[in-house]
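These notes are about the structure you will find just below.
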Amino acid sequence: MQELSPQYDPQAVESLITERWNDAQCFHAEPTDAGDPYSIVIPPPNVTAALHLGHALNNTLQDVLTRVARMRGMNACWLPGTDHAGIATQSVVDKRLQAEGKKAIKEYKKMEAQGGNGREQFLEKVTAWKDQYEARITQQLKDMGCSCDWERQAFTMDEPRATAVREAFFRLFKEGLIYRGKRLVNWDPVTQTALADDEVEMEDVDGHFWYMKYPVCDATGAETGAFVTVATTRPETMLGDTGVAVNPNDAPRAKFIGQFVKLPIVGRVIPIVGDDYVVIPDEESADSKARMASGFLKVTPAHDVNDFEIGRRHDLAVINIMAPDASISTSHGWDDASQACDPFVGLSREDARRAVVRWFKEADLLEDQKPYKHAVGHSYRSHVPVEPYYSDQWYLKVTDDKLAGAALRAMDVSQRQPSDNAAFNAKTPKRQDAKEGKADTGLKFYPERYAKTFQNWHENLRDWCISRQLWWGHRIPVWSLTCSDEQAALTLTNEWNDANPGSSAARQDGDTVFVCLKNNDAVSDLEKQGFIQDPDVLDTWFSSALWPMSTLGWPEKTDDLATWNPSSVLCTAREIITLWVSRMVMFNLYFEGQLPFKDVFIHAMIQDGHGQKMSKSLGNGVDPIDIIHSHGCDAMRYTLTAMTTQTQDLRMPVDLIDPHSGEAFTPKFVTGPGGYKVAAPEQDSPSVKGKKMASSYGVASGKVKPSDDLPAARNTSEKFDLGQRLANKLWNATRFTLSILTDETPTTSDEMTLADRWILDRLAETVAAADAALGEYRFAEFATGLYDFFWRDLCDWYLESIKPTVRENAAQRRTLAACIDATLRLLHPVMPFITERLWESVNEALPGDRSVPGLALPPNTLLVKAAWPVMEAGAMADASAAEDFAFIQSVVSAIREIRSQHQVAPSAVVEVSATGPAAVLERMAAHRPIVQSLARYTTREVGTDAQEASNAAAALVGDMTLYVHDVVDTEAEKARLSKRRDTLAKQIVNFEKRLGNEKYVNSAPAKLVQETRDQFAAAARELEAVEAQMAALG
RNA sequence: GGGCGAUUAGCUCAGUUGGCUAGAGCAAUUCGUUUACACCGAAUAGGUCACAGGUUCGAGUCCUGUAUCGCCCACCA
């Protein structure tokens, strides 16, 4: 048999074990396989960059769940894949090309505009990037031990997923749920694309409020001589004002409703309307808007989302005064510009703002100007302020009851908050998954509080703008044609050709016809007739929303789909509840009539040591491979699992490893952009003088380039020491076990000792607790429960207890074998590599069945497919063993404390006498071998009348007094006793107070009161004894 | 502006329907190689559970308010 080294070496084991799993094809599942279905779809990581610790956490948890399910004999399938991440990837590639001085998207766009194939060529670049990072991500996942079904690896933009997207879009379009809308979008004037709401980052900006006076007039434009003052932070948009609004409840100002103003500069006559959206000015108000407001709101429907809504309510014109680059322009919908407007046309929005303010000042129409700090949306890509921009976009009507309503109704009743919608409050959900045959249950969030986020989102949903002015994505499958007379008569041959404005019957000259194609068969026909495909692509979340179905072959009615959809649980971060969870739920319900998953587990966000979110843009992310390098994969996985409590954030102080010396150290931090604390790009070696290195922040931010003189430092964190120690301990405990076990046939001839019965009792409790914790996704509880059982119970107490006897006692060896076997099984989902390696050695040493009565442990060659331990209900519970062993533990602890207090060397054997009631002494005698071995003593005298010896330290355990002889140090003993006396005295006061309280005695549970009485009596007894001992010492 | 969460030992965190004499890991102190493990063992010290009120026989736990920090959402009057 191969000897195990005295220390666990993860590097040597991990690759070996990976190979073994691969050879045995352990992770692949087929619908026809035995067992109840269990499935997880991976939240597909973006191909923008390599995975960081947050992914490591997320994927470790999914792997734990998958591996447990597999061991439970379920037909477990974990579907891996990656996301094309539209704008993020396109932007990353563009930036990289620019940084390398190569042709970037600007040039490709030019090429495309000139009829070249710029689009295609640029997409090749992005695809190359995607291939590179997809490979890198996949390798990272494999290195992390993720037991994904790699044969099913998917990508949101590959062929099968494209088919799914086409089908979904087609069906939604046909049902009229996709529409073309002229709406305000978040426009990035630099990259010239629309942004989703979530792609907009709010930043506080120091701006101003300007108070501008507009002359009041009548409908014909004749001025009355009165003025109204509007307050705005964006004076330049006044060129597009089409109304002024006043709150009808604002008594002093409401009289203006129905009158008009003549818009300065432009000369446009626009109405004053009443709308209760307008904030009434109030200088005393806590609301800063009320303090700043003038009571009159300029309404610019084309450049402000609120104004757009007000405009709709009052039927105001929408006048767009800007070009796509956000410069003032008269060629995008502004046709009443007067000559006075000329100086403003062509100015950037910033210049226009200054110019407009100057104009008002010079015209003496600027009443006031106040500083004002407010949040302004910025493009997460170009970081310039986002411009609400009036343009044509495709929308998905998620507000339709078939989508948002269905998602709400799918929530589990137990997690719903009272809603405005009475039907929703009362409605019992339908069971989404008949296969499991469980009673009515809906979508459930863990931790529960996230259900609120989900509900709130769907109750306030707005339609989803799904078009993006990008190249990297699924092209919108819509072709359009603005008809001439002749074309209006055209008959389209496609299977379905109904279009939004005007069906074929009512088509007229000038109408635009939109045709959605399910596949490309009819494309050439259409294009011959002059149709052109929409240049936009779909929002990246459109394809992600289909992920739980598209990864299983949808729209085909595959066996995969029938087996694994709905999946068992979605495991993700909270930031994505609205973006992704919501949309998957809506799509799966809409297309398949069932949920995409039954549970949603939301895990914490990993922050760095300063409480800052780990992110790519901050450059404070940590590559899991670095941790695997410094601590080993199992150590990383264990620690991450143990850190997964129910909180929403967790901190991870990150250190660097000096490449010159290999030692870990805390880097120097500097304040980076945005006030964030980051590791200085360049760091000095803490031990090798004059040597420097590049921090991961330095490399990620591009501030330094690693080189031979400036090698990149890997990250590490001492947080992972926890897992590393556990791995080593497990390695050695198993090594020790193997040195004892021989490949004997298990025998039952010997009696099980107390220690055996106790450890099996503990094991039973541990398995039950582990199962309960997993069922509620309480990972930390799961991990620490196993840790405590293994380290505290098994190693500290059980192994130490059996050392003197195990070589002679076959029953003990059998118990030991069962415990190690079960421990390896229990820890395998969290620490797959080391347990699988040790399993091999245990199998060699003891190849047979290692079950014990009450605990089935069927043998298996590979641990990855071995059965999860199942306890026969109650069979191994042993209350008397638990009680007896607790007694032993307190005796041993008491003697150890005295030894330590008196500086007795651990190797020295002391003498102990005991005195007390006969029953207790008998109990002592029954367990003497264990106790003597654990506390290292020999027994001098035992008896109910044993006299207190001089020069001995005494301890009270229950009714029994123990004397540790010849430990000499009187002062130390006095100190120990007096400390004990103080503690007891304090406790007694406490107990007396409680028991003296009639209300407590009368209203607390009788059991609790009795417990307090017992505690009180015990403390009083011990105090008396302690005082006697102190008196004896003088 | 709305919502969610955090504040417990020097550090990172547990503490599930109120019963706590408040726990763990790391760090600290003392002792120790008894051949599984020094990535170890034994023992010790360390906390008016952010603050102020309230409910209760009893509050780390429930309620109200305050402070600080973090995250998400929000239509830049």
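Only heavy atoms go into these numbers, but all of them, side chains included; no hydrogens, no water, no symmetry mates. Throughout, a chain's letter reflects where its sequence line sits, starting with A, and its residues are numbered from 1.
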>> Just to be sure I understand the rule, does A:L1008 reach a base, reach only the sugar-phosphate, or reach nothing, if contact means heavy atoms closer than 4.0 Å?
In response: base

> When you measure from the side chain of A:D304, which nucleotide among B:A77, B:G41, B:C76 comes out closest?
Replying inline: B:A77

>> Can you build the contact string for nucleotides 27-38 of chain B? Use B for base contact, S for sugar-phosphate-only contact, and - for no protein heavy atom under 4.0 Å.
In response: ---SSS-B-BB-

> Taking CD from A:Q889 and C1' from B:A42, how many angstroms apart are they, rounded to a whole number?
Replying inline: 15 Å

> Using atom P of each nucleotide, how far apart are B:U66 and B:C71 to the nearest Å?
Replying inline: 22 Å

>> By the 4.0 Å heavy-atom rule, please label A:E998 as base, sugar-phosphate, or nothing.
In response: nothing

> How is A:R792 classified with respect to the nucleic acid when contacts are heavy atoms under 4.0 Å: base, sugar-phosphate, or nothing?
Replying inline: sugar-phosphate

>> Restricting to non-hydrogen atoms, name the atom on A:A770 and the atom on A:L786 that form the minimum distance, rounded to 0.1 Å.
In response: CB-CD2, 4.3 Å

>> What's the gap between B:U35 and B:G41 when it is taken at their C1' atoms, as a whole Å value?
In response: 14 Å

>> Using only atom types and a distance under 3.5 Å, with no angle test, would you say the side chain of A:S900 pairs donor to acceptor with the backbone of A:E897?
In response: no

> Can you check whether A:R936's main-chain N or O pairs, donor with acceptor, with A:R896's side chain at less than 3.5 Å?
Replying inline: no

> How far apart are the closest heavy atoms of A:V279 and A:A293, and which atoms are they?
Replying inline: O-CB, 4.0 Å

> In whole angstroms, how far is the C1' atom of B:A14 from the CG atom of A:L650?
Replying inline: 13 Å

>> I need the CD-C1' distance between A:E781 and B:A24, as an integer number of Å.
In response: 13 Å

> How long is the line joining CZ of A:R449 and P of B:C4, in whole Å?
Replying inline: 11 Å

> How far does CG of A:L738 sit from CD1 of A:I820, to the nearest 0.5 angstrom?
Replying inline: 8.0 Å

>> Between B:G15 and B:U7, how far apart are the two P atoms, rounded to whole Å?
In response: 10 Å

> Say you pick atom P in B:U64 and the same atom in B:G3; how far apart are they, in whole Å?
Replying inline: 13 Å

>> Give me each pair satisfying salt bridge (charged side-chain N to carboxylate O under 4.0 Å, His left out) with a member in residues 782-805 of chain A, each pair once, sequence neighbours excluded.
In response: A:R762-A:D793, A:R792-A:D796, A:E800-A:K803

>> Please find the pair of heavy atoms, one from A:L741 and one from A:R813, that lie closest to each other, and give the distance.
In response: CD2-O, 3.5 Å

>> Please encode protein proximity along nucleotides 67-72 of chain B as a string of B, S and -, counting only heavy-atom distances under 4.0 Å.
In response: ---BSS

>> Output the rounded distance in Å from CG (A:N247) to C1' (B:A77).
In response: 13 Å

> Does any N or O in the side chain of A:Y446 come within less than 3.5 Å of the main-chain N or O of A:V600, such that one atom is a donor and the other an acceptor?
Replying inline: no

>> Could you tell me how far B:G58 sits from B:C20 if I compare only their P atoms? Round to whole Å.
In response: 16 Å

> Which atoms form the tightest heavy-atom contact between A:D250 and A:P281, and what is the distance?
Replying inline: OD2-CD, 3.7 Å

> Taking the P atom of each, how far is B:C37 from B:A42, in whole Å?
Replying inline: 15 Å

> So, A:W731 side chain and A:L4 main chain: donor-acceptor pair closer than 3.5 Å or not?
Replying inline: no

> Quantified in whole Å, what is the C1' atom distance between nucleotide B:G60 and nucleotide B:G19?
Replying inline: 13 Å

> Nearest-Å distance, CD (A:E367) to P (B:A77)?
Replying inline: 18 Å

>> So, taking the atom named CE in A:M238 and the one named OG1 in A:T300, what distance separates them when rounded to the nearest 0.5 Å?
In response: 9.0 Å

> Quick one: on RNA chain B, does A:T983 or A:W797 contact a more 5' nucleotide (nearest heavy atom)?
Replying inline: A:T983

> Taking the side chain from A:S294 and the backbone from A:T229, do they hold a donor-acceptor pair closer than 3.5 Å?
Replying inline: yes

>> side-chain hydrogen bond (donor to acceptor under 3.5 Å, both in side chains) for A:H208 and A:T233? Distances and angles first, verdict last.
In response: CA-CA 6 Å; A:H208 289 91; A:T233 57; over 6 Å; no

>> I need a per-nucleotide contact map over nucleotides 57-63 of chain B, read 5' to 3'. Cutoff is protein heavy atoms under 4.0 Å; write B for the base, S for backbone only, - otherwise.
In response: B------

> Nearest-Å distance, NZ (A:K298) to C1' (B:C76)?
Replying inline: 11 Å

> With ring centroids as reference points, do A:Y450 and A:F445 lie under 6.0 angstrom apart?
Replying inline: no

>> Just to be sure I follow the notation: if a pair is Watson-Crick (purine N1 to pyrimidine N3 plus N6-O4 or O6-N4) or a G-U wobble (N1-O2 and O6-N3), each under 3.5 Å, what dot-bracket string does RNA chain B give, with | for pairs to another strand?
In response: (((((((..((((.....[...)))).(((((.......))))).....(((((..]....))))))))))))....

>> I need the full list of salt bridge (charged side-chain N to carboxylate O under 4.0 Å, His left out) pairs touching residues 983-999 of chain A, with sequence neighbours left out, sorted by first then second residue.
In response: none

> If each of A:D788 and A:R896 is mapped to the nucleotide of RNA chain B with the nearest heavy atom, which maps nearer the 5' terminus, i.e. the 5' end?
Replying inline: A:D788

> What is the nucleic acid contact for A:Q901, judged by heavy atoms within less than 4.0 Å: base, sugar-phosphate only, or nothing?
Replying inline: nothing

> What distance, rounded to whole Å, do you find between the two P atoms, one in B:C69 and one in B:U30?
Replying inline: 39 Å

> Can you name the nearest heavy-atom pair linking A:G243 to A:L316, along with the distance?
Replying inline: CA-CD1, 4.1 Å

> Once you round it to whole Å, what is the distance between C1' of B:U21 and CD of A:E1011?
Replying inline: 11 Å

>> Mind checking if A:V278 touches a base, just sugar-phosphate, or nothing, with heavy atoms under 4.0 Å?
In response: base

